[in-house]
Chemist: 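My questions all concern the structure below.
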Amino acid sequence: MLNPKTKISRRSLLKAGAAGILGVLGSSLLNKAAVFSNSVDAAAKHDAHNKLQNQKHNSMSHGYDPGTGSSDGLENAVKALTQFDYGKVSTRTDGRTVRDYEMIAADWDLEIAKGIKFPGWAYNGTIPGPTLRCTEGDIVRVTFRNASAHPHSIHFHGIHPTNMDGLEPVALGETFIYEFEAKPAGMQVYHCHVQPFTRHIHKGLYGNFIIDPKVPRKPAKEFSMVMNAFDLDLDGENEVYTVNGFAFAYMARPIKVKAGELIRIYISNMTEFDLINSFHLHASYFHYYATGADPEARPYFTDTVMQCQGERGLVEIVFPAPGRYMFHAHQSEFTELGWMGFFEAE
């Protein structure tokens, strides 16, 4: 029987061993209701230590096998890879392109791993929020409505007037319109900028914001990835690590690509409570463009890149041959607690 006085921490999770941890997060051997019920109570201290001690699973050749079963969290993570929001497009009398977006902040219970729900604060009902996309020079107009019990805002990285910087909280039921020219070209992010910052970002209020250059980049198969994590018992340590909000999403559903095809990933780190996160690719190398602002700049040629919170960039890969290419964080804890997947090149 679980001891209600013992909190669930990533340290105690890791003591159970990688296979045991992964089994807890994804295996049907552990009743999801026994540890987290239908959702995580943000004020409670949940315990899984004793249960974890009893989880004795044999390690597999590539660690945890999450199966192929569908769930809301998994499907959201899969959609987030290729779902770019270009807004509602119109043209002003001066010929400028205007892109209108609608964003709403609200409180949501969202699935972040098999059987585990998190009481998030989210833009448009997903963590991360929608990937907004435009072209340099476009007029971006974001109508933001706050339907949460807490004040929120949207702070966009990039260049814009200071009165559009998202520093002023928007109260429950209120609306604010952010309007600015999109610049510079490259990879940006957005997030809530209401104090306490750690809580508002950790709870899920962030997303990617892509500003394409006026001269298009070379054609590629493109994906959006946000590295993030979740502190289930509010002790300042994350217990679940994900890309696009669902643990082991791309192990359960490997990302299909073609050998010899250019792959471009818009990747950012919005992980709270850890100084850095990282992206490591097996069996190949990639070019990395920091912030993606200058496509003519000489990129890093590497298999691993580190990002602090708010840092972002472009990863460009050409897989040399068919096969399954693993990718994951190169912090072992993050990997064991949810942050790894596969590209499947055909």
Side-chain angles (χ1 to χ4, degrees), residues 79-105 123-124 126 128-145 152-168 170 175-193 205-226 244 262-270 287-300 307 309-316:
K79 289 177 184 176
L81 280 172
T82 56
Q83 200 167 63
F84 302 103
D85 186 350
Y86 290 89
K88 183 179 179 181
V89 181
S90 61
T91 304
R92 292 197 321 197
T93 55
D94 61 1
R96 300 284 297 276
T97 297
V98 179
R99 296 185 186 271
D100 279 283
Y101 306 85
E102 293 188 0
M103 299 277 281
I104 181 171
Y123 296 118
N124 291 12
T126 62
T131 298
L132 307 184
R133 193 162 185 177
C134 60
T135 299
E136 185 176 24
D138 290 349
I139 302 302
V140 171
R141 183 186 296 137
V142 180
T143 300
F144 171 61
R145 182 165 66 90
H152 295 306
S153 70
I154 309 178
H155 165 64
F156 293 90
H157 285 217
I159 301 172
H160 46 249
T162 56
N163 63 347
M164 293 289 119
D165 205 30
L167 303 185
E168 297 298 324
V170 178
T175 297
F176 186 86
I177 297 175
Y178 299 95
E179 185 170 335
F180 53 89
E181 179 183 343
K183 61 184 179 181
M187 175 67 183
Q188 314 293 347
V189 292
Y190 64 86
H191 57 85
C192 184
H193 210 286
L205 291 165
Y206 47 76
N208 280 348
F209 175 40
I210 300 167
I211 303 177
D212 291 317
K214 292 180 181 179
V215 177
R217 302 180 193 275
K218 52 190 173 183
K221 186 167 187 177
E222 296 186 326
F223 300 103
S224 177
M225 292 185 179
V226 178
N244 291 343
L262 178 62
I263 306 301
R264 180 176 298 122
I265 303 169
Y266 298 89
I267 190 167
S268 66
N269 175 32
M270 294 306 300
H287 289 97
Y288 179 72
Y289 299 85
T291 71
D294 184 359
E296 302 303 320
R298 182 177 180 179
Y300 294 102
Q307 292 182 337
Q309 187 192 84
E311 197 169 357
R312 63 274 183 199
L314 271 62
V315 169
E316 292 192 345

Chemist: Of all heavy-atom pairs between Ser90 and Asp100, which one has the smallest distance, and what is that distance?
Modeler: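 Smallest heavy-atom distance, with atoms named: OG-OD2, 4.3 Å.
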Chemist: Using the test side-chain contact (heavy atoms from CB on, under 4.5 Å), find all partners of Phe84 that sit at least two apart in sequence or belong to another chain.
Modeler: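 Checked Phe84 against side-chain contact (heavy atoms from CB on, under 4.5 Å); matches are Tyr86, Thr131, Arg133, Ile210, Glu222, Ser224.
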Chemist: What pairs with Lys221 under side-chain contact (heavy atoms from CB on, under 4.5 Å), at least two apart in sequence or on another chain?
Modeler: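 By the side-chain contact (heavy atoms from CB on, under 4.5 Å) rule, Lys221 matches Phe223, Glu261, Ile263.
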Chemist: Does a side-chain heavy-atom distance below 4.5 Å link Ile211 with Thr135?
Modeler: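 No - every pair of side-chain heavy atoms lies 4.5 Å or more apart.
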Chemist: Got Arg217 and Leu314 here, is their nearest side-chain heavy-atom distance under 4.5 Å?
Modeler: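 A side-chain contact under 4.5 Å exists here.
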Chemist: Report the distance from atom NZ of Lys218 to atom CG of Leu262, rounding to the nearest 0.5 Å.
Modeler: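 Separation between the atoms: 6.0 Å.
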Chemist: One pair to check against salt bridge (charged side-chain N to carboxylate O under 4.0 Å, His left out): Lys183 and Glu136. What are the steps and the verdict?
Modeler: CA-CA 5 Å; Lys183 61 184 179 181; Glu136 185 176 24; over 6 Å; no
Chemist: Can you tell me how far apart CD (Glu102) and CD1 (Ile177) are? Round to the nearest 0.5 Å.
Modeler: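 That separation rounds to 10.0 Å.
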Chemist: Taking all heavy atoms of Tyr123 and all of Cys192, pick out the closest pair and write down the distance.
Modeler: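 Of all heavy-atom pairs spanning Tyr123 and Cys192, the closest is OH-N, 3.2 Å.
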Chemist: Rounded to the nearest 0.5 Å, what separation is found between the CG atom of Asp165 and the CZ atom of Phe180?
Modeler: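 Between Asp165 CG and Phe180 CZ, I get 9.5 Å after rounding to 0.5 Å.
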Chemist: Measure the spacing between CZ of Phe176 and CE of Met164 and express it to the nearest 0.5 Å.
Modeler: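 One finds 4.0 Å between CZ of Phe176 and CE of Met164.
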Chemist: Between the side chain of Asn269 and the main-chain N/O of Gln307, is any donor-acceptor distance below 3.5 Å?
Modeler: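 Between the backbone of Gln307 and the side chain of Asn269 there is a qualifying donor-acceptor contact (under 3.5 Å).
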Chemist: Give a yes or no on whether Arg298 atom CZ has more than 12 heavy-atom contacts from other residues, nucleotides or ligands under 6.0 Å away.
Modeler: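 Incorrect, the count does not exceed 12.
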Chemist: Ignoring hydrogens, what is the shortest heavy-atom contact between Gly166 and Ser153? Give both atom names and the distance.
Modeler: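 Result for this residue pair: O-OG, 2.7 Å.
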Chemist: Measuring from Lys214:NZ to Asp138:CG, what's the distance to the nearest 0.5 Å?
Modeler: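 Spacing of NZ (Lys214) from CG (Asp138) equals 9.0 Å.
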Chemist: How about His155 and Tyr206: do any of their side-chain heavy atoms sit closer than 4.5 Å?
Modeler: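 Contact flag for His155/Tyr206 side chains = no.
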Chemist: Measuring from atom CD1 of Ile154 to atom NE2 of His193, what distance do you get when rounded to the nearest 0.5 angstrom?
Modeler: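 Here the interatomic distance stands at 13.5 Å.
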Chemist: Does a salt bridge link Glu181 with Arg96, judged by any charged N lying under 4.0 Å from a carboxylate O?
Modeler: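 Yes, this pair counts.
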Chemist: Quick test of your reading of the model: are Glu316 and Arg264 salt-bridged, counting only N-O distances below 4.0 Å?
Modeler: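 So Glu316 pairs with Arg264 through a salt bridge.
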Chemist: Hey, is the main chain of Lys79 close enough, under 3.5 Å, to the side chain of Asn244 for a donor-acceptor pair?
Modeler: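 Answer holds: no.
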Chemist: Taking all atoms of both residues into account, what is the closest heavy-atom pair of Pro184 and Gly158, and its distance?
Modeler: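 Taking every non-hydrogen atom into account, CD-CA, 4.3 Å.
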Chemist: What pair of heavy atoms forms the shortest contact from Cys134 to Ala182, and how long is it?
Modeler: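 Between these two residues, the closest heavy atoms are SG-CB, 3.5 Å.
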Chemist: Would a 4.5 Å heavy-atom cut-off, applied to side chains only, mark Val140 and Tyr178 as touching?
Modeler: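 No, too far: nothing below the 4.5 Å cut-off.
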Chemist: Does some side-chain heavy atom of His157 sit less than 4.5 Å from a side-chain heavy atom of His191?
Modeler: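 Yes; the side chains approach each other to less than 4.5 Å.
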Chemist: Is Asn124 reaching over with its side chain to a backbone N or O of Ile104, donor-acceptor style, under 3.5 angstrom?
Modeler: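 The answer is yes, because a donor-acceptor pair under 3.5 Å joins these two groups.
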Chemist: With the side chain counted from C-beta on, respond yes when Arg312 and Asn208 share a heavy-atom pair under 4.5 Å apart, and no when they do not.
Modeler: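 No; the side chains remain at least 4.5 Å from each other.
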Chemist: What are the two closest non-hydrogen atoms of Tyr288 and Ile267, and how far apart are they?
Modeler: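 The pair with the smallest heavy-atom distance is CE1-CG2, 4.4 Å.
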Chemist: Are any of the side-chain heavy atoms of His152 and Phe144 separated by less than 4.5 Å?
Modeler: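 Result yes, sub-4.5 Å side-chain heavy-atom pair found.
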Chemist: Applying ring-ring contact (aromatic ring centres under 6.0 Å, His included), can you list everything that pairs with Phe209, at least two apart in sequence or on another chain?
Modeler: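 Checked Phe209 against ring-ring contact (aromatic ring centres under 6.0 Å, His included); matches are Phe156.
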Chemist: Is there a side-chain contact between Tyr190 and Val142, using heavy atoms and a 4.5 Å cut-off?
Modeler: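 No, too far: nothing below the 4.5 Å cut-off.
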